[in-house]
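Along the sequence shown, residues carry numbers from 1. When reading the values below, keep in mind they use all heavy atoms of this one structure, side chains included, and skip hydrogens, waters and symmetry mates.
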Amino acid sequence: YQMTGFDDFLQLKAASFRSTRLAVFTGVSGSGKSTAIQWLIQHHPDFQNRPIERVIGGGLDWTVPAVENGLVVVDDLIRPRELYKLIRLLIRGNQVLLAAHLHPAWFAPLRIGWSTQLWRTDVNHEKLARHLKAERIKFTQVALESYCAEYGSSYLDMFHILERYPHCSFDRALRLFRKYCRMEQPALNS
């Protein structure tokens with residue numbers, strides 16, 4: 001399954017980033033963090049024609065780039081201990097677009113020193129409903145809400161379920177996925 005287009009469920013088109021030093025997109029894997037950042041740097045007027053330094057995080061071993069007063073995209077900040085690297089980027093005068101798996105509360109102290117905007121990408125299940133409708137996949141609101149309660153509002157997990165059970169309604173695919181995933185998990189005492 002592929003995304004058919006960018007769903008601006010965060011209303012980024014209307015947002016202003018001119019005075020923002022840190023823009024944080026936080027949520028579960030596959031919920032649209034990196035896609036939102038990619039859309040911003042390609043289409044939003046506040047980021048047009050600016051050189052970008054990209055950093056792939058995902059652990060403590062990523063290197064803080066030696067850029068100052070630039071635009072830095074950090075993709076996949078996972079651990080709270082990585083925040084010191086983010087602070088080093090901000091101290092150097094950079095504007096940072098960040099995709100993070102951390103709870104939004106971790107970024108509250110940074111608001112004291114730097115203008116910060118924060119978006120949660122994993123709480124909006126209407127984006128998934130729009131995608132299922134666009135793909136003409138039948139579903140009920142009950143199944144979608146149950147899925148989001150268990151997995152968050154993740155496109156990625158939804159795609160895995162639908163790929164595993166093609167030609168099914170989302171409700172049926174989700175039921176089969178839950179049933180057979182329990183059976184496929186190894187026993188803890190074996």
(request) Taking all heavy atoms of Asp7 and all of Arg130, pick out the closest pair and write down the distance. (result) OD2-NE, 2.8 Å

(message) For Leu90, is there any backbone N or O sitting under 3.5 Å from a side-chain donor or acceptor partner on Arg21?
(response) yes

(request) May I ask you to decide if Ser19's main-chain N or O and Ser115's side chain share a donor-acceptor pair within less than 3.5 Å? (result) yes

(request) For the residue pair Leu40 and His43, establish whether any side-chain heavy-atom pair is separated by less than 4.5 Å. (result) no

(request) List the steps and the verdict of side-chain contact (heavy atoms from CB on, under 4.5 Å) for Leu22 and Leu86. (result) CA-CA 9 Å; Leu22 175 62; Leu86 175 62; 3.9 Å; yes

(request) Verify, without hydrogens or angle tests, whether Lys127 (side chain) and Tyr155 (backbone) share a donor-acceptor contact under 3.5 angstrom. (result) no

(message) Using 0.5 Å steps for rounding, measure from the CG atom of Asp8 to the CD atom of Gln11.
(response) 7.0 Å

(request) Taking Thr116 for its side chain and Trp114 for its backbone only, find out whether a donor-acceptor pair lies under 3.5 Å. (result) yes

(request) Give the minimum heavy-atom separation between Leu118 and Arg111, together with the two atoms involved. (result) CB-NH2, 3.4 Å

(message) I'd like to know if the side chain of Asp171 and the backbone of Thr140 have a donor-acceptor N/O pair within less than 3.5 Å.
(response) yes

(request) Could you tell me whether the side chain of Ser153 and the main chain of Cys148 form a donor-acceptor pair under 3.5 Å? (result) no

(message) Do Phe107 and Ile91 sit in one hydrophobic cluster, given that two such residues count as connected whenever their side-chain heavy atoms are within less than 4.5 Å of each other, even indirectly?
(response) yes

(request) Identify the heavy atoms of His44 and Gln48 that sit nearest to each other, and give their distance. (result) O-NE2, 3.1 Å

(message) Under a 3.5 Å distance rule, please check whether Asn94 uses its side chain to pair with a backbone N or O of Val67 as donor and acceptor.
(response) yes

(request) Treating Ile, Leu, Val, Met, Phe, Trp and Tyr as nodes and any side-chain heavy-atom pair under 4.5 angstrom as an edge, say whether Met158 and Leu176 lie in one connected cluster. (result) yes

(request) Report yes or no: do Tyr165 and Leu128 belong to one cluster of Ile/Leu/Val/Met/Phe/Trp/Tyr joined by side chain heavy-atom distances under 4.5 Å? (result) yes

(request) Indicate, with yes or no, if Leu102 and Leu89 share a hydrophobic cluster defined by side-chain heavy-atom contacts under 4.5 Å among Ile, Leu, Val, Met, Phe, Trp and Tyr. (result) yes

(message) With a 3.5 Å distance limit and no angle check, can you tell me whether Thr20 reaches the backbone of Ala23 through a side-chain donor-acceptor pair?
(response) no

(request) Kindly indicate whether the side chain of Val28, heavy atoms from C-beta on, has any atom under 4.5 Å from the side chain of Asp157. (result) no

(message) As an exercise, state the distance from CD1 of Ile161 to CG of Leu156, rounded to the nearest 0.5 Å.
(response) 10.0 Å

(message) Just verifying a value: how many Å separate Ile37 CD1 and Phe47 CZ, rounded to the nearest 0.5 Å?
(response) 9.5 Å

(request) Look up atom CZ in Arg54 and atom CG in Leu71, then write down how far apart they are to the nearest 0.5 Å. (result) 9.0 Å

(message) Is any side-chain heavy atom of Leu144 closer than 4.5 Å to one of Leu132?
(response) yes

(request) May I have the step-by-step check of side-chain contact (heavy atoms from CB on, under 4.5 Å) for His131 and Phe159, ending in yes or no? (result) CA-CA 11 Å; His131 178 73; Phe159 294 160; 3.3 Å; yes

(message) So does Gly27 get a backbone contact from the side chain of Lys33, meaning a donor-acceptor N/O pair under 3.5 Å?
(response) yes

(message) Is the distance between the ring centroids of Tyr147 and Phe170 under 6.0 Å?
(response) yes

(request) Decide side-chain contact (heavy atoms from CB on, under 4.5 Å) for Trp62 and Val74; before the verdict, give the C-alpha distance in whole Å, the side-chain angles of both, and the deciding distance to 0.1 Å. (result) CA-CA 10 Å; Trp62 60 276; Val74 179; 4.2 Å; yes

(message) Give me the atom names and distance for the closest heavy-atom approach of Ile137 to Cys168.
(response) CG2-O, 4.1 Å

(message) Could you report the tightest heavy-atom contact between Ala66 and Arg92, atom names first, then the distance?
(response) CA-NH1, 3.5 Å

(request) Please lay out, stage by stage, how Ser154 and Asp122 fare under the test side-chain contact (heavy atoms from CB on, under 4.5 Å). (result) CA-CA 6 Å; Ser154 170; Asp122 60 356; over 6 Å; no

(request) Determine the interplanar angle of the Trp119 and Phe17 rings, folded into 0 to 90°, and report it as parallel if under 30°, tilted if 30 to 60°, perpendicular if over 60°. (result) tilted

(message) Tell me whether Gln95 contacts the main-chain N or O of Val72 through its side chain, where contact means a donor paired with an acceptor under 3.5 Å.
(response) no

(request) State plainly whether one hydrophobic cluster holds both Val73 and Ile78, where clusters connect Ile, Leu, Val, Met, Phe, Trp and Tyr through side-chain heavy atoms under 4.5 angstrom apart. (result) no

(message) If I compare all heavy atoms of His101 with all of Thr26, which pair ends up nearest, and what's the gap?
(response) C-OG1, 4.1 Å

(message) With ring-ring contact (aromatic ring centres under 6.0 Å, His included) as the test, pick out the partner of Trp39 among Phe25, Phe6, Phe9.
(response) Phe6

(message) Measuring from atom CZ of Phe139 to atom CG of Leu162, what distance do you get when rounded to the nearest 0.5 angstrom?
(response) 11.5 Å

(message) Could you tell me if the side chain of His160 sits less than 4.5 Å from the side chain of Arg164, heavy atoms only?
(response) no

(message) Could you measure the distance from the CZ atom of Arg175 to the NZ atom of Lys179? Nearest 0.5 Å is fine.
(response) 10.5 Å

